[in-house]
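From a predicted model like this one, the values you see are computed outputs, not experimental measurements. Within every chain, numbering begins at 1; the chains are lettered A, B, ... in the order of the sequence lines, protein sequences first and strands thereafter.
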Amino acid sequence: MLIINIICIALIVFIIWWFWIYKPNETILENHGQAVKVANGIYQPSFIKIPAHTEITLAFIREDESPCAEMLQFPELEINETLPLNKIVKIKIPALKEGVYDFHCQMKMYKGQLRVEK
Amino acid sequence: MNQELKPIKHSEAHYAQHEPSNSINEQLLLIEGAGCASCVGKIESALKKVPGVIKAEMNFADRSVSVEGSALSDQLIQAIQNAGYQAKLASNTSATVSLDEKEQEDQLYYRRLLKEMTIALALGIPLMAYGLITGEMSVNTTTERIVWLIIGLLTLGVMIFSGKHFYTGAWQSFKNHSANMDTLIALGTGTAWLYSMVVVFFPEMIPDMARHVYFEATAMIIGLINLGLALELKARGRTSEAIKRLIGLQPKTARVIREGIETDIPIEEVILNDKIRVRPGEKISVDGLVVEGHTSIDESMLTGEPMPVEKSEGDEVVAGTINKTGSILFLATRVGKDTALAQIINMVKRAQNSKPPIGRMADVISAYFVPVIMIIAILSALAWLNFGPEPAVAFAIISATTVLIIACPCALGLATPMSVMVGVGKAAEAGVLIRNGEALQTASKITAMVLDKTGTITWGAPKVTDIVVSGETDETTVLQLAASLESGSEHPLAQAIVDTAKEQQLTLFPVSAFNAIAGHGVEAEVDGKKLLFGNEKLMHTKHIQLGNFVAKAQALAEDAKTPMYFAINGELAAIIAVADPIKDDSIEAIKRLQDNGIRVVMLTGDNRATAKAVAAQVGIKEFHAEVLPEDKSQKVQALQMEGEIVGMTGDGINDAPALAVANVGFAIGTGTDVAIESADITLMRGSLHGLADAIAISKATLKNIKQNLFGAFIYNAAGVPVAAGLLYPFFGLLLSPVIAGAAMAFSSVTVVTNANRLRFFKAKEH
């Protein structure tokens, strides 16, 4: 039983670390544009590093049939877009200050982040 | 996918537009059959040979090519086909086509979900029935092991065929350090199946009482959740009915006259200044100006105004409205995404996707929800293993699986957006355009409504009723001089005087040294005379003696007329009284607001007596007269200081600051673009009933959101502890994972269905 308890507690620690503490690698944006695929419940890439004070374009293509994937929101930027299936939707991101800007579906099950750095 | 994308030139996020050949634009094409990177050069080179193409760049990662230039999309597609590939426009040229495609895609997905559900339930239901009837689902003999092994493999087949999307989604999310509904379903069903297979393969490792298999739970949960997804998809479709109706208003073709020849062309090919013929019963294709003919047009689909509107030469017509009686010819003034209808659709879509502040708490919870549920599932299993009765392992597995399955992040996430979607759409149907979720929420809390008088309570189209002269100048000369002076002003009262002069066919003189004194009146030189025209304040400022004319003006004002003083060369020449008729339904609409407990306040630049008369006629007790344009926002702020949540309704440029300061700014649809831009809510028809409708719809929507949020919170807050076995020590109750699966599947459907109830909401009949 002791081993099972230790394994379960380790699992809890792992969940906390994996989902909340660990910072995944970011995709560094090159040349003002980045394609983002919406498939299998996630945005690929989900973490994108972009330069500050530079306008960029993200091209989303949704391959995920789930209606949850249909809506894309950048709440801080007041961008709400519908993503039709298998069609490219280009979203212009205005020049931003340094900081972290989330993007997600309406229910926050698909999540991504723009990390704006100098 | 980490490909470079060239920046696009459009200012908004949108798909490439199919535009006429004489304009430079960017089009995006999707390529099929491009299997290798060498295709890129071939396709780009084929496109660059098309006349009019300036630039063609292919993104191999997403098989798209961006083309800049003036070539038509058909030419581009042909060039790509000639090069040996297939291509189609990445965008749809019309919203209607896009909607049709979406419906087809949803239908395909719906059918697939139903197929997957059928397969899963075909295995799950007999298994569950067997378990319920015989109570025997344990593994004790070799024969049982063989039978359950076969069933276990069949269940694996169901997991792959019907539940593959849950497992791939869960794995992809996990790799991406995120967790979603798929994670919970995959973990729940996976745990049940794995434990059952351990029982089958290594029964000796498990205590006798715990040698139970849960294949039926795995199959049933997958089947039920697919059923839930299918029902949710259908219900979601209904939430967007309002926007579908708006999009459906857009005709597909227009009858254009070019070089004397009338031809029907697709709506996307209509360009500015095209002459378009509309026959009785046909829809207006784009926005324009009537150049020939006379007709009546049904604009109810946009404004909610049931009476057809008469249109003749010089009048504006709006895309999507229906030509009722005559045949007209009009000049296209706004096409494509610039038409009023396209902008309305765009605004409604954006508002439907925005969230009111009430949904923010659910957003915060959603962000932490799934990992927290995973932790609760582990803690629950641990509690059963350490403190539970025998068979503790079986109890631990059941409770962990049930916790994972019953938790529904989707119900929480859907609670707000679904209601906003239906509510904003419902408002649009009533001719009320709500800018965003925040405006929707605040409108539901309004306690005071400030109404501008002119153009809001009244028609804003005043007529000259009285000219009371003083001295030698006769009425006609007074009117002629006053009309000349006001000919440069856009004020509705000025317009009334000019119109009356024109009706009497008076010639207007040229004006010099014109000076508009905001909130007071105007001064200028006309025909060598120094003229002053305005209110009492202006006359006092300029030291004009009014004598007993103040009493005459007051008498006129008490009849709800607006008297204005007219002075020539420093001496009072006349009072010109103008009356602005009250809109037919203003009285009833104001009563509706008051009946809802809203404090109604009227503001006007008019004199006190006129304001009092109008206020009395429409049943408003509180009014402020002689308010300067810049003071309107101060009046709004003063109400806010009193603790009121203030709605401000106006139609003119001078209302824009007050509209912006108010908690909710309402622009009345007959108003100017500036007022509409400053407003949170736009009433597409001139009636004040739109205000009461807007508030009623926002209240109903907020109530619906609260019901949804409450339901979703309670469902999760009660469901998860029960699933963990909280009731077992007291009542011996432990939830079955199958029941949890059914509850989870229908929790989202319930939320969407409740939101759909709003479709049947009717603002009070009027």
Side-chain angles (χ1 to χ4, degrees), chain A residues 1 4-5 8-9 11-12 15-16 18-20 22-24 27-28 30-37 39-47 55-59 61 64-68 71 73 75 78-82 84-92 104-111, chain B residues 1-8 10-15 28 30 59 61-62 64 90-91 98 101-102 105-106 109 165 168-174 176-182 229 232-233 236 349-350 353-355 363 366-367 371 374-375 378-379 381-382 385-386 409-410 412-414 417:
Chain A
M1 266 315 290
I4 293 174
N5 280 315
C8 285
I9 290 164
L11 256 179
I12 292 174
I15 289 170
I16 294 170
W18 185 259
F19 292 109
W20 291 326
Y22 181 85
K23 293 283 170 224
T27 300
I28 299 168
E30 291 171 11
N31 209 15
H32 304 285
Q34 175 67 46
V36 181
K37 193 160 83 172
N40 293 320
I42 56 167
Y43 299 119
Q44 300 167 14
S46 305
F47 298 90
E55 208 172 69
I56 62 144
T57 303
L58 296 177
I61 178 153
D64 198 323
E65 286 172 304
S66 164
C68 308
M71 220 58 91
Q73 302 184 324
E78 293 191 344
I79 294 173
N80 299 299
E81 275 300 326
T82 307
L85 202 59
N86 294 320
K87 294 200 172 72
I88 295 169
V89 176
K90 288 187 174 179
I91 293 185
K92 200 165 221 176
H104 50 74
C105 70
Q106 262 184 334
M107 291 180 285
K108 282 204 166 174
M109 292 291 110
Y110 295 68
K111 283 180 277 189
Chain B
M1 287 300 291
N2 303 349
Q3 292 290 310
E4 287 181 0
L5 285 169
K6 298 293 170 191
I8 55 173
H10 302 294
S11 59
E12 303 162 19
H14 58 76
Y15 314 127
L28 198 65
L30 290 181
N59 181 342
D62 53 25
S64 72
S91 64
S98 162
E101 267 186 23
K102 183 183 159 10
E105 280 156 5
D106 281 354
Y109 185 49
H165 50 110
T168 51
W171 177 241
Q172 293 291 346
S173 296
F174 177 76
N176 203 39
H177 297 265
S178 66
N180 55 28
M181 192 189 81
D182 291 342
L229 285 175
E232 186 190 317
L233 189 71
R236 270 175 183 254
K349 270 187 185 170
R350 283 180 187 278
N353 294 343
S354 72
K355 259 185 205 161
D363 270 0
S366 293
M374 287 158 73
I375 292 170
I378 294 171
L379 290 174
L382 267 185
L385 284 170
N386 286 296
C410 290
L412 266 179
L414 285 170

remark   = Closest non-hydrogen atoms of A:Phe19 and B:Ser178, given as atom of the first, atom of the second and distance, are CE2-O, 3.3 Å
request  = Identify which part of A:Ile15 has an atom lying under 4.5 Å from any heavy atom of chain B, answering side chain, backbone, both or neither.
outcome  = side chain
request  = Determine, stepwise, if the pair B:Tyr109 / A:Ser66 fulfils side chain to side chain contact (heavy atoms under 4.5 Å, CB included).
outcome  = CA-CA 8 Å; B:Tyr109 185 49; A:Ser66 164; 4.1 Å; yes
query = Of all of B:Asp106, B:Thr168, B:Asn176, which one pairs up most often with chain A through heavy atoms under 4.5 Å apart?
reply = B:Asn176
query = Taking side chain as C-beta onward, heavy atoms only, is A:Asn5 less than 4.5 Å from B:Leu385?
reply = no
query = Passes side chain to side chain contact (heavy atoms under 4.5 Å, CB included), B:Asp182 versus A:Asn40? Steps please.
reply = CA-CA 9 Å; B:Asp182 291 342; A:Asn40 293 320; over 6 Å; no
query = Could you state the interatomic distance from CD1 (A:Ile9) to CD1 (B:Ile375), rounded to the nearest 0.5 Å?
reply = 12.0 Å
Contacts of B:His177 that satisfy ring-ring contact (aromatic ring centres under 6.0 Å, His included) - sequence neighbours left out = A:Trp18, A:Tyr22
ask   = To the nearest 0.5 Å, how far apart are CG in B:Leu382 and CD1 in A:Ile12?
value = 6.0 Å
request  = Check A:Gly41 against B:Ser173 and note the closest heavy-atom contact, atom names and distance.
outcome  = O-OG, 3.8 Å
inquiry  = Measuring only between side-chain heavy atoms, which start at C-beta, is A:Glu65 closer than 4.5 Å to B:His165?
reply    = no
remark   = Honestly, the part of A:Tyr43 sitting under 4.5 Å from a heavy atom of chain B is backbone
task = Can you see which heavy atom on B:Met181 is nearest to which on A:Met109, and at what distance?
result = N-SD, 3.8 Å
